[in-house]
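Beneath this line is the structure, given in structure tokens, with notes to follow.
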2 protein chains.
Amino acid sequence: MKYKILENPNCEDAYGLIEEALRKRATITIYACCKVNYEGRALSELNWGERIILIKPDGSFLIHQEKKVEPVNWQPPKSKTRGYIQDNNLILESHRRTPKELLTVEIRKVQYITYANIEDFEELEQAGYEKDMGDMIMEKPHMIEEGFKPTAREYSVEHGFIDILGKDCDNNLMILELKARKAGVSAVKQLKRYLTDFEDDDNDYLKECLVQKKKIRGLLVAPSLGEDAKELIEKEGIEFVAVNPPKELKRDKKVTLDAF
Amino acid sequence: MKYKILENPNCEDAYGLIEEALRKRATITIYACCKVNYEGRALSELNWGERIILIKPDGSFLIHQEKKVEPVNWQPPKSKTRGYIQDNNLILESHRRTPKELLTVEIRKVQYITYANIEDFEELEQAGYEKDMGDMIMEKPHMIEEGFKPTAREYSVEHGFIDILGKDCDNNLMILELKARKAGVSAVKQLKRYLTDFEDDDNDYLKECLVQKKKIRGLLVAPSLGEDAKELIEKEGIEFVAVNPPKELKRDKKVTLDAF
DNA sequence: TGCTACATATCGACC
DNA sequence: GGTCGATGTGTAGCA
């Protein structure tokens with residue numbers, strides 16, 4: 001990692017280092033006293049104070065205060081950064097075309113600037129999502145109940161997509177809504193809406209179901225259920241199945257599979 | 001701003017500086033080659049690579065790659081950070097109680113660490129939100145149309161809240177859904193759902209409306225409308241009113257008001 | 001503490 | 001370039 005650090009620079013030196021870093025497509029951090037203006041989708045102003053500025057080679061621009069995970073101001077990747085000197089202050093601008101957005105940072109005093117060319121070829125591997133849960137249920141449908149047979153995934157209805165469509169051992173239709181986290185009232189309402197949509201819709205599954213005089217069962221599949229949601233599923237005649245999302249990384253899974 | 005910078009430290013020195021910084025409740029940035037594991041609401045793993053670590057005095061913990069606005073891994077405010085040395089590597093852990101979440105950073109090589117006590121007493125002032133839009137319409141109802149009289153705000157119905165409830169000059173009921181950004185199909189559907197909820201609900205507004213044989217008008221209020229949404233409002237008999245969210249900071253507003 | 005809704009949401013996938 | 005949906009969404013407000 002090649003890096004450079006500049007402490008207590010004057011305005012011109014700070015400007016010079018930032019230009020150099022931008023040219024070299026390095027990642028820059030600045031500890032400085034600044035004032036920030038943003039105009040674009042919304043409008044904001046942040047008065048003089050000390051903050052940390054992070055500029056990435058992909059154009060991302062972040063300003064962090066000493067609190068919270070979220071930056072106080074930012075610009076997304078592909079934004080264009082430029083700097084100039086005005087009234088003996090260093091101004092940094094980050095500009096985006098669509099939508100038109102401009103972030104302006106007026107820097108009164110730089111404590112230090114660092115930049116480095118970061119080498120990172122890894123991507124985050126993760127698990128424990130709704131998609132993983134769907135994959136798992138398609139692979140092991142008995143997790144839902146004995147005899148469950150999935151027939152379709154991401155089945156389109158008026159207000160969205162039914163996560164998994166299938167049949168139980170008695171050939172009743174089953175409509176599954178998956179949630180990777182604790183399900184709330186909104187999840188129950190969503191499933192209810194899909195059930196209504198499905199019943200209003202003219203489709204082969206429904207026709208077959210009517211002909212064979214079978215039921216349509218709505219199932220909410222999630223690791224747990226909120227208190228309010230418990231009441232609502234009773235009322236709506238919806239069933240709940242407790243399933244935890246698989247917390248297994250794909251690489252680990254592969255290893256496990258390879259072992260067999 | 002008091003700060004300290006340590007370049008190319010060995011494991012022990014890096015550990016020492018971080019402990020010192022945590023004690024002093026400083027804001028820390030580390031450029032380092034590390035490996036990251038997260039387990040909590042989900043599960044993730046990030047293999048060896050160079051990243052920027054930011055630790056804030058409120059407990060926020062961020063790991064940034066050289067791309068994107070979002071950190072690749074993080075912990076929220078109030079998380080507890082601790083460090084230790086294992087196998088000649090520096091380990092940083094950030095721990096959260098509820099929900100139980102643990103972030104583990106294994107650092108192989110530190111390029112540099114800096115910490116500083118940041119002084120920032122300013123908060124972001126902003127404008128251009130749905131709430132501002134609601135305030136503006138309550139203050140200047142004629143923006144919607146001549147003779148519009150708001151009667152209720154955040155009126156609760158089955159699937160959510162009606163932003164503004166009111167009457168027109170002919171005493172017809174008006175149900176307003178506000179959006180601070182371009183409205184899409186989902187906004188129209190949301191309003192339609194609220195209209196249905198309202199008509200299904202047993203309330204005084206509705207009773208009065210029926211007695212006086214008045215209409216119920218649904219209005220979508222937003223700066224603009226997507227193409228698909230235009231078709232849908234036609235079909236659903238919903239009206240659209242173009243209103244831009246007020247992009248005026250409260251301080252500016254106050255000044256303006258003081259001037260009168 | 002828990003729940004709801006908003007955000008300059010961001011981000012990825014799909015069209 | 002848009003549209004749609006998931007997110008370890010984060011965050012504020014309120015019960």
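All chains are named by letter (A, B, ...) in the order of the sequence lines, taking the proteins before the strands, and each is independently numbered beginning at 1.
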For A:Tyr129, check ring pair (Phe, Tyr, Trp, His ring centres under 6.0 Å) against everything at least two apart and list the hits. none

Does A:Tyr129 have a side-chain nitrogen or oxygen under 4.0 Å from the phosphate oxygens OP1 or OP2 of D:dT7? no

First encountered from the 5' end of DNA chain C, between A:Glu227 and A:Val72: A:Glu227

Among side-chain atoms of B:Tyr38 and A:Gln126, is any donor-acceptor pair under 3.5 angstrom? no

Rounded to whole Å, the CZ-P distance (A:Arg96 to C:dC11) equals 10 Å

5'-most contact on DNA chain D (nearest-nucleotide basis), B:Trp74 vs B:Pro77, goes to B:Trp74

Return the set of residues passing side chain to side chain contact (heavy atoms under 4.5 Å, CB included) with B:Pro150 (not counting sequence neighbours), or none when no residue passes. B:Met138, B:Pro141, B:Phe148, B:Ile164

Tell me the interatomic distance from A:Glu70, atom CD, to C:dC11, atom P, rounded to whole angstroms. 10 Å

Please state the P separation for the pair D:dT11 and C:dC11 - nearest whole angstrom. 15 Å

Name every residue in residues 178-194 of chain A that has at least one heavy atom under 4.0 Å from any atom of DNA chain C, in order of residue number, or write none if there are no such residues. A:Lys182, A:Val185

Presence of donor-acceptor pair under 3.5 Å, side chain of B:Gln75 and base of D:dG8: yes

Rounded to the nearest 0.5 Å, the CD atom of B:Glu66 sits from the CD1 atom of B:Ile52 at a distance of 9.0 Å

A:Lys68 or A:Gly160, whichever maps to the more 5' nucleotide of DNA chain D: A:Gly160

A:Lys56 (side chain) donor-acceptor with B:Gln65 (main chain) under 3.5 angstrom: yes

Which pairs with one or both residues in residues 173-194 of chain A pass ring-ring contact (aromatic ring centres under 6.0 Å, His included), sequence neighbours excluded? none

Find the distance A:Leu124:CG to C:dG12:P and express it as a whole number of Å. 11 Å

Look at all strands and tell whether B:Glu101 reaches a base, only sugar-phosphate, or nothing, counting heavy atoms closer than 4.0 Å. base

What nucleotide, of C:dA9, D:dG8, C:dC6, holds the atom closest to the side chain of A:Arg41? C:dA9

Grab the NZ-C1' distance between A:Lys131 and C:dC11 for me, whole Å please. 16 Å

Apply side chain to side chain contact (heavy atoms under 4.5 Å, CB included) to the pair A:Asn37 and A:Leu102, showing each step before the final yes or no. CA-CA 8 Å; A:Asn37 281 78; A:Leu102 181 63; over 6 Å; no

Given pairs defined as Watson-Crick or G-U wobble with both distances under 3.5 Å, what dot-bracket annotation applies to DNA chain C, with ( ) intrastrand, [ ] crossing, | other strand and . unpaired? |||||||.|||||||

Once you apply a heavy-atom cut-off of 4.0 Å, does B:Pro76 come out as touching a base, just sugar-phosphate, or nothing? base

Would B:Phe161 count as stacked on C:dA5 if the rule is ring centres under 5.5 Å and plane angle under 30°? no

Going by the rule salt bridge (charged side-chain N to carboxylate O under 4.0 Å, His left out), which residues pair with A:Arg41 if we only count those two or more places apart in sequence or in a different chain? A:Glu101

Kindly determine whether B:Arg153 and B:Asp135 satisfy salt bridge (charged side-chain N to carboxylate O under 4.0 Å, His left out), including the steps that lead there. CA-CA 10 Å; B:Arg153 214 166 156 191; B:Asp135 292 344; 3.0 Å; yes

Does the side chain of B:Val72 come within less than 4.5 Å of B:Val36's, by heavy atoms? no

Rounded distance (Å) that lies between atom P of C:dC6 and atom CG of B:Asp135: 14 Å

Nearest-nucleotide pick for B:Glu130, side chain only, options being C:dC6, D:dG1, D:dG10: C:dC6

